[in-house]
Colleague: 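Pasting in a structure now, in structure tokens, and then I'll have a few things to ask.
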Number of protein chains: 2
Amino acid sequence: MTTIGDVARHAGVSRSTVSYALSGKRTISAETRERIERAVAELGFTPNAGARALKTSQTMVLGLLLQFHADEFAPAMLQYVLPVSQAARAEGYDILMVTDPDGPRAIHRIGDSDMVDGFVLLDVTADDPRIPSLREVRQPGVLIGLPRDTRELDVIDLDFGEAARMLVDHLHERGHREIVLVSPPHHVVERGGSYVWRFRDAAVERAARYGLQIHAYYGESRSPVIGQSVNALLDAHPRATALVVHNDATIAALPGILRDRGVRVPDDLSVVSLYSRDFGEEFSLPFTAVESAADELGRSGVAQLVRRITRSPDAGPPVARFVAPVLRDRGSTRPIDATRSTAH
Amino acid sequence: MTTIGDVARHAGVSRSTVSYALSGKRTISAETRERIERAVAELGFTPNAGARALKTSQTMVLGLLLQFHADEFAPAMLQYVLPVSQAARAEGYDILMVTDPDGPRAIHRIGDSDMVDGFVLLDVTADDPRIPSLREVRQPGVLIGLPRDTRELDVIDLDFGEAARMLVDHLHERGHREIVLVSPPHHVVERGGSYVWRFRDAAVERAARYGLQIHAYYGESRSPVIGQSVNALLDAHPRATALVVHNDATIAALPGILRDRGVRVPDDLSVVSLYSRDFGEEFSLPFTAVESAADELGRSGVAQLVRRITRSPDAGPPVARFVAPVLRDRGSTRPIDATRSTAH
DNA sequence: CTGAAAGCGCTTACAG
DNA sequence: CTGAAAGCGCTTACAG
């Protein structure tokens with residue numbers, strides 16, 4: 001391995017001069033700089049990351065904590081991973097991916113041994129067990145997803161309440177009077193996925209305000225129960241003219257389910273949903289939807305974390321930030337003529 | 001931060017004694033060990049990973065190189081990531097996840113700066129541009145996927161040829177005389193995904209040997225073209241009694257497509273495929289299939305890489321290993337009565 | 001504009 | 001059974 005000492009010897013300068021030439025923290029004469037650059041190129045020198053980390057107390061690595069739950073639609077998580085990773089690289093950080101089933105312990109292991117400069121927590125729940133560990137550890141962290149107690153924490157999440165209101169408004173404006181809502185599976189509620197009830201409560205409240213009937217259900221995460229469940233809901237509410245789907249597995253399966261049932265969208269049934277652009281493209285989903293902006297959450301979360309790590313004044317006090325949803329109209333809703341009703 | 005020096009002072013011993021007590025590389029008197037353990041617990045000491053790496057030249061981190069191709073069914077990659085990560089943890093390694101679009105450069109950046117002890121390359125193609133970088137770098141690597149030139153490389157992949165033969169045999173044994181094969185999209189061939197032609201060539205050859213008609217096509221990776229393409233193939237070969245699907249996106253969409261078409265499996269059409277157990281569960285696929293054993297590949301690849309890193313004599317010379325496929329019969333094929341023919 | 005020296009926090013021969 | 005010392009490869013005050 002070639003070290004900074006080899007470069008220094010080769011260039012006939014001191015190690016500190018090489019270091020300064022590389023970091024640019026000192027003015028170096030053109031001639032010296034050139035000799036050093038040549039030596040670096042000839043010897044193929046790249047600074048040792050561990051030695052640098054030891055000296056500077058900066059690893060330039062971020063820990064990304066993923067959780068894989070059985071009974072959850074895994075592809076939905078993928079949409080966060082790539083944006084986080086790319087945003088990190090753009091800021092000069094690499095990603096240590098942590099899939100340990102025991103998240104709290106993993107945070108201590110990684111954090112206490114100074115393997116990373118900060119943490120990104122994905123899929124955060126209301127009383128996420130990883131949060132106490134995160135508070136105990138030296139490194140700052142950013143949460144993607146809203147916990148109950150956000151004190152002293154940088155948190156970012158989609159504004160799920162607003163998303164629900166936008167979708168209900170969209171249907172209300174088009175004259176819909178009776179709609180069915182499919183939320184994530186109930187076990188996600190039990191686990192504390194706050195996005196479930198934030199979306200659901202807001203949808204119910206908004207519907208009530210308009211005097212709009214809404215039938216709210218928890219959905220499924222696996223075929224064929226998904227199909228059975230959707231069919232049962234539509235059977236139970238034959239006069240409903242619209243379906244609001246806040247459930248990744250269900251929306252991915254919905255085109256097949258509706259075709260199977262002979263229901264055309266939007267002619268027989270209007271459908272609105274909530275998913276990220278990438279997810280929609282992956283499954284070729286043709287529905288009007290709020291874009292869940294996984295990339296924006298990932299990017300913005302990483303940016304805030306880096307500001308916190310570097311103690312940038314722009315970081316401000318720790319704060320929960322809610323990203324405004326954007327509705328993408330793909331024409332999967334139709335105006336309802338008050339005198340007609342649909343059978344699906 | 002508490003260092004090994006703090007622990008030593010607190011316990012009234014030397015730093016080397018603390019180090020040896022922690023590593024167990026020396027016998028320590030019961031009393032001393034106890035004092036050290038108490039000091040470690042009271043002060044909350046965890047060794048600094050960077051310092052340890054600097055001294056031992058071991059990072060205990062593995063670089064995992066992922067590639068995200070537009071026009072590829074991303075969920076299929078997920079099935080490798082978790083097994084690799086878990087196998088690594090079981091061996092004491094963490095995972096640095098590298099999603100850099102420029103893989104060759106990333107390998108040099110990470111490897112030359114000694115951030116990892118070895119590399120795992122996913123989704124390797126015939127002339128994978130990352131391989132020259134891997135050869136130049138100090139760290140060993142394991143490839144999951146078969147390149148053209150495997151010299152001096154540890155490679156592991158499913159035996160796709162054998163997988164194809166098993167599926168053709170399965171159909172032949174049940175009296176099928178005319179079948180349709182859907183391979184991955186053609187752009188995967190262009191990119192050098194050798195599993196495409198290894199499977200396809202073996203299937204065609206095996207079918208020929210039995211005098212079995214096989215119509216081989218490249219499939220699609222996105223709806224709605226997937227559906228159109230499958231429908232066109234079935235229209236073009238009305239006397240085909242079986243479909244062999246070697247295409248993740250297509251098999252995930254197939255249940256919907258066939259329902260839509262009014263084709264029952266296996267009554268109207270036999271279907272066999274190739275996918276991992278996790279993938280099948282994710283999409284609730286009911287087809288008889290060779291299990292692509294992503295977890296076995298991941299585990300086994302990591303194990304071999306670790307043997308290589310640690311220079312274990314068990315590592316042997318670098319070798320391409322082909323995992324034997326296992327057929328999982330889910331009853332999606334039926335015996336063909338030679339006198340009947342199907343219309344689908 | 002450049003160099004000599006200290007030190008980041010460990011591990012491990014060397015010595016007793 | 002234990003300790004003092006060297007050294008891994010960097011960065012950065014301190015000094016000139």
Side-chain angles (χ1 to χ4, degrees), chain A residues 1-37 39-40 43-61 92 109-117 138 310, chain B residues 1-37 39-40 43-61 92 109-117 138 310:
Chain A
M1 232 200 50
T2 118
T3 74
I4 199 171
D6 301 329
V7 175
R9 206 171 311 117
H10 198 91
V13 297
S14 72
R15 297 188 304 155
S16 52
T17 300
V18 175
S19 180
Y20 283 118
L22 260 34
S23 69
K25 291 188 180 173
R26 218 188 213 182
T27 41
I28 308 279
S29 73
E31 192 221 355
T32 304
R33 148 160 300 131
E34 200 170 301
R35 280 219 311 284
I36 291 175
E37 276 166 7
V40 166
L43 302 178
F45 171 67
T46 307
N48 178 286
R52 178 173 279 176
L54 181 56
K55 185 65 201 174
T56 63
S57 303
Q58 283 205 99
T59 63
M60 299 308 284
V61 176
R109 183 175 63 79
I110 308 274
D112 291 348
S113 62
D114 274 313
M115 297 182 72
V116 301
D117 295 337
R138 271 185 297 281
T310 57
Chain B
M1 233 200 51
T2 117
T3 73
I4 199 171
D6 301 329
V7 175
R9 206 171 310 117
H10 198 90
V13 298
S14 72
R15 298 188 304 154
S16 52
T17 301
V18 175
S19 180
Y20 282 118
L22 260 36
S23 69
K25 291 188 178 173
R26 219 188 213 183
T27 39
I28 309 280
S29 73
E31 192 220 355
T32 304
R33 149 161 299 131
E34 201 170 300
R35 280 219 310 285
I36 291 175
E37 276 166 8
V40 165
L43 301 179
F45 171 68
T46 306
N48 178 288
R52 178 174 279 179
L54 181 56
K55 186 64 202 175
T56 63
S57 303
Q58 282 205 98
T59 63
M60 298 308 284
V61 176
R109 183 175 63 78
I110 307 275
D112 291 346
S113 62
D114 273 314
M115 297 183 72
V116 302
D117 295 337
R138 272 186 295 283
T310 57

Colleague: Looking for any heavy atom pair under 4.0 Å, which part of the strands does A:Ser19 touch: base, sugar-phosphate only, or nothing?
Modeller: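 The answer is base, as A:Ser19 lies within the cut-off (heavy atoms under 4.0 Å) of a base atom.
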
Colleague: Counting Watson-Crick and G-U wobble pairs only, both distances under 3.5 Å, name the nucleotide matched with C:dA15, or none.
Modeller: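 Result: D:dT2.
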
Colleague: Rounded to the nearest angstrom, tell me the gap between atom CD in A:Glu34 and atom P in C:dT2.
Modeller: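 It is 13 Å, rounded to the nearest whole Å.
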
Colleague: Tell me which of A:Ser23 and B:Ile28 sits closer to the 5' end of DNA chain D, going by the nucleotide each one is nearest to.
Modeller: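 Result: B:Ile28.
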
Colleague: Taking the side chain as every heavy atom from C-beta outward, state whether B:Val7 and B:Leu22 have any pair of such atoms under 4.5 Å apart.
Modeller: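 B:Val7 vs B:Leu22: side chains apart.
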
Colleague: Is A:Thr32 near enough to C:dT2 that one of its side-chain N or O atoms lies under 4.0 angstrom from OP1 or OP2?
Modeller: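 For C:dT2, OP1/OP2 do have a side-chain N/O of A:Thr32 under 4.0 Å.
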
Colleague: Within this structure, what is the CG-to-P distance between B:Leu43 and C:dG9, rounded to whole angstrom?
Modeller: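 That distance rounds to 14 Å.
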
Colleague: Whole angstrom is fine here: how far is it from CG in B:Leu22 over to P in C:dG9?
Modeller: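 Between P of C:dG9 and CG of B:Leu22: 16 Å.
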
Colleague: Less than 4.0 angstrom between a side-chain N/O of B:Arg52 and OP1 or OP2 of C:dG9, yes or no?
Modeller: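 B:Arg52 to C:dG9 OP1/OP2: no side-chain N or O under 4.0 Å.
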
Colleague: Grab the CG-P distance between B:Asp112 and D:dC10 for me, whole Å please.
Modeller: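 Roughly 12 Å, once rounded to whole Å.
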
Colleague: Could you tell me whether a side-chain N or O of B:Arg15 sits under 3.5 Å from a main-chain N or O of B:Ala8, the two making a donor and an acceptor?
Modeller: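 Absent.
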
Colleague: For the side chain of B:Ser14, counting heavy atoms from C-beta on, which of C:dG9, D:dA4, C:dT12 is nearest?
Modeller: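 That would be D:dA4.
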
Colleague: To the side chain of A:Tyr20, which of C:dT2, C:dT11, D:dT12 is closest?
Modeller: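 Per side-chain heavy atoms of A:Tyr20, the pick is D:dT12.
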
Colleague: Please report, rounded to the nearest Å, how far the P atom of D:dC1 is from the CZ atom of B:Arg33.
Modeller: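 Computing the B:Arg33:CZ to D:dC1:P distance gives 10 Å.
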
Colleague: Yes or no on side chain to side chain contact (heavy atoms under 4.5 Å, CB included) for B:Thr2 and B:His10, after CA distance, side-chain angles and deciding distance?
Modeller: CA-CA 11 Å; B:Thr2 117; B:His10 198 90; over 6 Å; no

Colleague: Give the rounded distance in Å between these two atoms: CD1 of A:Ile36 and P of D:dT11.
Modeller: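 Value for this atom pair: 12 Å.
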
Colleague: Check this one for me: any side-chain N or O of A:Lys25 less than 4.0 Å away from OP1 or OP2 of D:dT12?
Modeller: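 For D:dT12, OP1 or OP2 has a side-chain N or O of A:Lys25 closer than 4.0 Å.
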
Colleague: Whole angstroms only, please: what is the CZ-C1' distance between A:Arg138 and C:dC8?
Modeller: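 Rounding to the nearest Å, CZ of A:Arg138 and C1' of C:dC8 are 14 Å apart.
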
Colleague: Measuring from the side chain of B:Ser29 (C-beta onward, heavy atoms only), which nucleotide among C:dA6, C:dT12, D:dC1 has the closest atom?
Modeller: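 Within the option list, the nearest is D:dC1.
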
Colleague: Report the nucleotide, chosen from C:dC10, C:dA6, C:dA13, that has the shortest atom-to-atom distance to any side-chain atom of A:Lys55.
Modeller: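 The closest nucleotide is C:dA6.
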
Colleague: Under 3.5 Å, is there any donor-acceptor pair linking the side chain of B:Ser16 to the base of D:dA4?
Modeller: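 Flag set: donor-acceptor pair detected.
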
Colleague: Choose from C:dT11, C:dG9, D:dT12 the nucleotide whose nearest atom is closest to any side-chain atom of B:Asn48.
Modeller: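 Selected nucleotide (nearest to the side chain): C:dG9.
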
Colleague: Using whole Å, what does the distance between atom P of nucleotide C:dA4 and atom CZ of A:Arg15 come to?
Modeller: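 My rounded result for the distance is 10 Å.
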
Colleague: Does a side-chain N or O from A:Thr17 land closer than 4.0 Å to OP1 or OP2 of C:dT2, or not?
Modeller: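 False: A:Thr17 side-chain N/O out of range (4.0 Å or more) of C:dT2 OP1/OP2.
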
